[in-house]
Amino acid sequence: MLVLMLVAAATLRLCLVAGAQQLCRIHTVRTGKVFRVSQQIQGDHLYFSSGTPRLIKHPCKKNIALYLGRQIFFTRDNFKSSLLPLSLPTSIKVGIPEVTSAHIAGSVLLLVVNQKVYVYDYEANSWNASIGIEHPVSHISGDNCCYSGHPFCVDISNSVFAYLHGDQISQTNVYFSNTRGYTFQKFAYERQAELVGSLGGVFYFHSLSQVGLLLIDQGKAMFSYSEHPLNRSLGLPFDYNGTLDILITPGQKGILIFWFEKSLLVSGNAGQLVYPVPMDEEPRISYSSVSEANITIHNIAANQNELAVLTRENSLYYGSLGILPSSLIKFSGQNIWSQEAAVMFTDVGQVEILTPLPDPMFPAFDFQRCPMNVQEILMDPQLQVDVCKVELLQGEFDNRMYSIDMNSKLQLTALMIPRPGRSPVPMAMVSNPHSLGLQVAIYEDGYTHDGNTKHRLNISLRQQHHWGRANPNFTSSIKKPTLSTITLDVANKEISCVDLKPLTALISVGCDQEKKIVIQKWREGKFQEVTKAEFVLLEVNGLFTYTYSLTAQMALCRSQPQNWTTILESAGDKRPFAWDRENYISCHDPDNDAPLRWPDVPYQILGGPTANKVIFDQRNGIYVFFLSIVDPYYSYCHLETTFSVYVYGALPPSIIPTTVTIIPLIMAMLLSVWSAYMIPKLLHTEKGLRLKEFWMNLCRRLRNLCPFPKQALSAQRRSPKLS
């Protein structure tokens, strides 16, 4: 009876209408409590350090979520059943079970408990303490990629940072894990000792392919970035009041949300530019910030394109996270706030207020849920919201991942249909313009049955370095693979465009997994191109009966070239064939300072700017070659293959020295030529006639063996004799 009275009182409190619309219909989830048995919580009962709750949802697995409050709840069915509070097993001793930070990385839950990191594999239901962290930490940060199967996507979900918030940044210890938090190692940040201020956070901004450190100094904050070209200067400073929680929105779009109870800031480009979020109280009353609106934020929720803010003044603010900044609009009308309430998105345009309720009869908690349909609320005439001016925005590339290799292009298409009489402006943007360049063309492409004009958009994407339109100092390092997100949206679209979400795709500027190198064929059996890049060969069976046509000096090397001997010595047992694009150093590079000490050594690099060739010794047989393209500017892939060469027709080497054979042969040829010229001439002399008569007499005696023609004999008899 007491339980029913408590539930009725809470329901009545939340259903009071303050002269406005009803935002939601409240119901309580009590499933999972079948038997009246005394369930006990084993181990340390975890609790969250903050006075206001947090709710973390898995961006890829919609039913996975974590509630952080005075009790901590982990759900695998989106809070559709009653739950026991989360606790550590008795085998793990943590002392004070206070949780200061949490993150869901793939299939594991990471918790910072009493300045140490613990891993809960919720699929295997196992707990582990992280290895490698030697100093106290208070926070962890990471991201999740929902494009499964791609190596870049797996790396995103596996990457986690651990650090101590508020420590002096010049001497703090930052830890990084690429194993989803199971093992950590110290993270070396270039120029960290030179930075001034305290640490506000460490984040891997995959949308920029940068690691960002948030510096806090004298009420201002700014980001320091790790890679060229953003590492040359700090980001723009912004006001840092209180201790800001930082939320990385899903989808690798670079949207960050900074908030605490009196501040709400948003960045659309991974912290390079941070600005306050304007608040719309009524259709004609707007405030430039939360502090100006004089409201107190309780907690927030965000998905890829939407933001919801729950305040202690029993109001919910809603807005979109588009390409251009937009304000939040106020929803109010009933008591939706409580100290343990948390806001979350269950789907596009679907917001819920979640509140755990204790049960005196069971240790498991129930959940009070208050679902809201944003599209339905926005139809209220009192809000005076304009109708969305776009009927359709679609493209096959939405929510997909693509790869652009070095020197490659990508073509995407989209379709936009505006409402009659409206002229919306589509906008395409990349999150990492230092890496990825784009060009957009729009044209009319027919009409719908209702007479609306169809607009077709062609988006051309290419590595920024190869567009030739940006200063080389603006582009990222071409040797390193990067990531970027392409987003297509409508400029200044109305807040009523709830279902018209932006089109996004994740672009990997790196190795194209479908690319491979074969002998005399290419992708899907179709010829692509003849590779002119530099490559190396190595006979895998140890047959080194071949050499090269060029030496280092003949190849015009400026410095000593690499060779297989030095490469294999440095590689050790790591890889049998370890010469590739990552460790190749060109001897023609002006920045290579290795002197040319041995100009006569064979030059073992083929292709590229030289006409180097392989010269086989006089040996018949099969050679099996390993081939590796080492040119770092040809492809991000490690293009390798193995092929065989059959050498035949090589004469066996002579036992007699060549000089002994050639000199007599030349003498015999010269003697033959001399004889052919001199013998006919000598036959007309007296000595020649005597010699001829001698041979004729000899032939008469040997007539049976050497008959002489009768014509010749008769002619000889008629010839005059000289005395």
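Starting from 1, each residue takes its place in the sequence as its number. Please read all numbers here as calculations on a predicted model, not as lab measurements.
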Step through it carefully: locate the ring centre of [X], locate the ring centre of [Y], and say whether they are under 6.0 Å apart.
| X | Y | result |
| --- | --- | --- |
| Phe73 | Phe79 | no |
| Phe258 | Phe238 | yes |
| Tyr47 | His45 | no |

Minimum side-chain heavy-atom gap [X]-[Y] below 4.5 Å:
| X | Y | value |
| --- | --- | --- |
| Ser332 | Glu281 | no |
| His139 | Val112 | no |
| Lys80 | Arg369 | yes |
| Val390 | Ile417 | no |
| Pro97 | Leu88 | no |
| Val290 | Glu261 | no |
| Ser267 | Tyr275 | no |
| Arg76 | Lys61 | no |

For this session: Go through Glu98 and Asn114 one step at a time and tell me if the side chain to side chain donor-acceptor pair (under 3.5 Å) criterion holds.
Result: CA-CA 6 Å; Glu98 180 184 56; Asn114 197 17; over 6 Å; no

For this session: Give the C-alpha distance, both sets of side-chain angles, the deciding distance and a yes or no for salt bridge (charged side-chain N to carboxylate O under 4.0 Å, His left out) between Asp489 and Lys501.
Result: CA-CA 8 Å; Asp489 201 359; Lys501 62 185 183 67; over 6 Å; no

What donor-acceptor contacts under 3.5 angstrom involve side-chain atoms of residues 240-247, with partners at least two apart or in another chain?
{"residue": "Tyr240", "atom": "OH", "partner": "Leu244", "partner atom": "N", "Å": "3.1"}
{"residue": "Asp245", "atom": "OD2", "partner": "Arg54", "partner atom": "NE", "Å": "2.6"}
{"residue": "Asp245", "atom": "OD2", "partner": "Arg54", "partner atom": "NH2", "Å": "2.8"}

Exercise. Do the cysteine sulfurs of Cys153 and Cys146 sit under 2.5 angstrom from one another?
Worked result: no

For this session: Run the salt-bridge test on Lys330 and Asp280 with the 4.0 Å N-O cut-off and return the result as yes or no.
Result: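 Judged by the 4.0 Å cut-off on N to carboxylate O distance, Lys330 and Asp280 do not form a salt bridge.
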
For this session: Flag the pair Lys62 and Asp347 as a salt bridge only when some basic side-chain nitrogen lies within less than 4.0 angstrom of an acidic carboxylate oxygen.
Result: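 No, no charged N to carboxylate O under 4.0 Å.
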
From [X] atom [atom1] to [Y] atom [atom2], the distance as rounded to the nearest 0.5 Å:
| X | Y | atom1 | atom2 | result |
| --- | --- | --- | --- | --- |
| Thr52 | Leu310 | OG1 | CG | 10.5 Å |
| Leu307 | Tyr317 | CG | OH | 12.5 Å |
| Asn432 | Ile486 | CG | CD1 | 12.0 Å |
| Ser224 | Gln210 | OG | CD | 9.5 Å |

Problem set entry | Passing option when Ile495 is tested against Leu328, Val385, Val374 for side chain to side chain contact (heavy atoms under 4.5 Å, CB included) | Val385

Problem set entry | side chain to side chain contact (heavy atoms under 4.5 Å, CB included) partner of Phe367, the single match among Leu83, Thr355, Leu357, Thr28 |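 For Phe367, the side chain to side chain contact (heavy atoms under 4.5 Å, CB included) test succeeds with only one of Leu83, Thr355, Leu357, Thr28, which is Leu83.
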
Exercise. For the residue pair Ser496 and Asp386, what are the closest heavy atoms and their distance?
Worked result: OG-O, 2.6 Å

Problem set entry | Shortest non-hydrogen contact between Met344 and Ala301, atoms and distance |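 What the structure gives for the nearest pair is CA-CB, 3.7 Å.
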
Exercise. With Thr487, which residues qualify under side-chain hydrogen bond (donor to acceptor under 3.5 Å, both in side chains), at least two apart?
Worked result: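 Partners of Thr487 by the side-chain hydrogen bond (donor to acceptor under 3.5 Å, both in side chains) criterion come out as none, since no residue qualifies.
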
Exercise. Just checking, is any N or O donor in the side chain of Ser288 or Glu292 under 3.5 Å from an acceptor N or O on the other one?
Worked result: yes

Problem set entry | Test applied, side chain to side chain donor-acceptor pair (under 3.5 Å); reference residue, Lys57; option that passes from Asn303, Asn78, Asn63 |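 Between Lys57 and the candidates, side chain to side chain donor-acceptor pair (under 3.5 Å) is satisfied uniquely by Asn78.
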
Exercise. How are the rings of Tyr163 and His165 set to each other: parallel, tilted or perpendicular (split at 30° and 60°)?
Worked result: tilted

